[in-house]
Amino acid sequence: MCKLKKWFGLFLAGMMLAGTLAGCSVDEKDAGAGEASTEAAEEKETKEDVTESTVKGDFKIGIAAREITNDYNRGCISAAQEQIEAAGGSVVIADAQADVQKHNENIENLINSGIDGLIVHLGDGEQLAPLMKKAADKGIPVVTNGIGLRVENTLTDINGDDPLMSTLAADALLASIGYTGDVYVVWVPGAPLLETRKRIFEAVAADYPDVKIHEVPAEHNPAKVQTQIEEILTANPEEGSIAGIFGTYDQLVSGAAEAIRRAGRGKEIKMVGIDGDVIGFQMLFQEDSPFIATVVQDANDIGKQSAEVLMQGLKGEVEASALSAKIPANCYVATRKNGVEAAELRWGEGFWETAGLAKEDVEKTFPKKDDVLVSYPSLP
């Protein structure tokens, strides 16, 4: 597994660099260039932020994403695009790159661009409400995913079952630390789904008086999270002073896992995440990593369902009154005891090449002891 350790370190460094660059503005990236005009920079930004189907369809669907930074985002969006194009439509995707104001502007621009339907990926329901009213006034059906609940004037919201996923992740972490010790919760303030995940974890942990929770407010930047956790490790050098870390999504805490591993405390500190991203499984299969579990959600199914419901709305086959206000996808817990099966269930047999891992090595190091138990939502 030595080769794996080296490869993972290089992969994480590259990923964190990419996350850092993604946070730069156009001006910052072009600083010092001198010759590049503001007009050229704006044109460059437009090309990076908006992409369209290469084929012309019988109808056009807009997809507005607050950000496209991890496997969850990409899965939701690419699956929706594939479903729409297979049905004869074309797609235009606007990526706000984690800028909330830009996200709202993108949505309004799409509404005014002559699209037939709209999918909104992530956002705050209260802020989105006036925009959804504008879409309704133009007769544009809207489906959201990753909001948490239906926004007025939309058909429904489709996402993983965040309260359930958070409870499963909380149970895994708390059991691993014996329901005692100091736990650090890493989340991004103001991100609705992450606020929910944090709140559910705190509610579950409240039943265990020997668990003390510490908040680690962060940004969508694994490199910065790594620095934050390095500072916490330095301030708490004694063994047992940190019991665990609750990560509100896998990629966010990938830097934290690296900080703990480098400090040689991967066996002592336990960490969990949510999403089942490729990097989540990579952390899971690293021997000296603190990462012990990820709750996997089917991002592809979220995207597929979003497209299917939207196209039904386009045809007048379904109305909001006939749908649940929230349609959750299935989920399951991946640990080192069922990780090989869980990885292939989420990503298929091609996972190993994508992740840069040798399946036989992982099976030898982490032999199967448990089955994957998939939780399906039950709606009345």
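Considering only heavy atoms from C-beta on, Q297 comes within 4.5 Å of Y72 through its side chain. Counting only heavy atoms from C-beta outward, the side chains of V186 and V225 approach each other to under 4.5 Å. Counting heavy atoms from C-beta on, the side chains of S289 and R336 come closer than 4.5 Å. A heavy-atom distance below 4.5 Å is not found between the side chains of V272 and F291. Residues L155 and V142 have side chains not in contact (no heavy-atom distance under 4.5 Å, counting atoms from C-beta outward). Counting only heavy atoms from C-beta outward, the side chains of D298 and C331 never approach each other to under 4.5 Å. Between V216 and V185 there is no side-chain heavy-atom pair separated by less than 4.5 Å. The side-chain heavy atoms of S254 and M283, taken from C-beta on, include a pair separated by under 4.5 Å.
Of the possible donor and acceptor atoms, one in the side chain of N338 sits under 3.5 Å from a partner among the backbone N and O of T335. Using a distance-only test at 3.5 Å, with no hydrogens or angles considered, a donor-acceptor pair links the side chain of Q228 to the main chain of P217. For the pair S166 (side chain) and I200 (backbone), a donor-acceptor distance under 3.5 Å is absent. Side-chain atoms of E219 do not come within 3.5 Å of backbone N or O of K224 as any donor-acceptor pair. No donor-acceptor pair under 3.5 Å is formed between the side chain of E67 and the backbone N or O of D95. Within the 3.5 Å criterion, the main-chain N or O of K267 finds a donor-acceptor partner in the side chain of K270. Side chain of D277 to main chain of G280: no donor-acceptor pair is present (N/O by atom type, distance under 3.5 Å, no hydrogens or angles). W347 places a side-chain N or O within donor-acceptor distance of the main-chain N or O of G276, the cut-off being under 3.5 Å. In this structure, the side chain of D288 does not engage the main chain of R261 through any donor-acceptor pair within 3.5 Å. The backbone N or O of I274 sits less than 3.5 Å from a side-chain atom of D250, completing a donor-acceptor pair.
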- Residues Y249, H220; criterion side-chain contact (heavy atoms from CB on, under 4.5 Å); working and verdict: CA-CA 10 Å; Y249 68 92; H220 296 286; 2.8 Å; yes
- Give the intermediate values and the outcome of side-chain hydrogen bond (donor to acceptor under 3.5 Å, both in side chains) for residues N159 and D162. CA-CA 8 Å; N159 197 48; D162 285 286; 2.8 Å; yes
- Message: Please determine whether salt bridge (charged side-chain N to carboxylate O under 4.0 Å, His left out) holds for the pair E363 and K368, giving the CA-CA distance in whole Å, both sets of side-chain angles, and the decisive distance to 0.1 Å.
- Response: CA-CA 7 Å; E363 287 179 316; K368 179 179 176 179; over 6 Å; no
- Task: Evaluate the salt bridge (charged side-chain N to carboxylate O under 4.0 Å, His left out) criterion for residues R199 and E195: first the C-alpha distance (whole Å), next the side-chain angles of each, then the deciding distance (0.1 Å), finally the verdict.
- Result: CA-CA 6 Å; R199 185 170 61 251; E195 295 278 11; 5.6 Å; no
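The CD1 atom of I242 sits 4.5 Å away from atom CD1 of I269, with the distance rounded to the nearest 0.5 Å. Atom CG of residue L122 and atom SG of residue C76 lie 7.5 Å apart, to the nearest 0.5 angstrom.
When all heavy atoms of P189 and A218 are compared, the closest pair comes out as CD-O, 3.5 Å. Shortest non-hydrogen contact noted between I147 and P192 is O-CB, 4.4 Å. Across V253 and G247, no two heavy atoms sit closer than the pair CG1-CA, 3.5 Å. Nearest approach of P141 to L310, heavy atoms of both residues: O-CD1, 3.3 Å. Between L164 and S375, the shortest heavy-atom contact is CD2-CB, 4.0 Å. Contact between L173 and G244 at its shortest, heavy atoms only, is CD1-CA, 4.2 Å.
Transitive grouping of hydrophobic side chains (ILVMFWY, heavy atoms separated by less than 4.5 Å) keeps I68 and L118 in distinct clusters. Both I213 and Y208 are part of a single hydrophobic cluster, where members link through side-chain heavy atoms under 4.5 Å apart. Residue I140 is grouped with residue M132 when hydrophobic side chains (ILVMFWY) are merged at heavy-atom distances under 4.5 angstrom, including chains of intermediate members. Linking Ile, Leu, Val, Met, Phe, Trp and Tyr residues whenever their side-chain heavy atoms come within less than 4.5 Å leaves I115 and L314 in two separate clusters. Both V143 and L193 are members of a single hydrophobic cluster when ILVMFWY side chains are connected at heavy-atom separations under 4.5 Å.
A donor-acceptor contact closer than 3.5 angstrom links the side chains of N73 and T69. At a cut-off of 3.5 Å, with distance as the only test, a side-chain donor of Q226 or E230 sits close to an acceptor on the other residue.
Take E344 and apply the salt bridge (Lys or Arg N to Asp or Glu O under 4.0 Å) test, not counting sequence neighbours, and it matches K359. For S241, the side-chain contact (heavy atoms from CB on, under 4.5 Å) partners are N236, E238, R265, not counting sequence neighbours. E82 pairs by the salt bridge (Lys or Arg N to Asp or Glu O under 4.0 Å) definition with nothing, not counting sequence neighbours.
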Got a list of side-chain donor-acceptor pairs under 3.5 Å for residues 53-61, not counting sequence neighbours?
residue	atom	partner	partner atom	Å
S53	OG	E85	OE2	2.6
S53	OG	V91	N	2.6
S53	OG	V91	O	3.2

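With ring centers used as reference points, F281 lies under 6.0 Å from F351.
By the 6.0 Å contact criterion, NZ on K304 is open, its count of non-hydrogen atoms from other residues, nucleotides or ligands being 12 or less.
Look at D275 and R197 and you find a salt bridge, because one of the NZ, NE, NH1 or NH2 atoms lies within 4.0 Å of a carboxylate O, short of that distance. Under 4.0 Å is where a charged nitrogen must lie from a carboxylate oxygen, and between D361 and K364 no such pair does.
Within the structure, side-chain hydrogen bond (donor to acceptor under 3.5 Å, both in side chains) pairs that include any residue of residues 131-152 comprise E108-K134, H121-N145, K133-D137, T144-D157, N145-S306 (at least two apart or interchain). Here side-chain hydrogen bond (donor to acceptor under 3.5 Å, both in side chains) pairs that include residues 307-331, with residues two or more places apart or in two chains, are Q83-E308.
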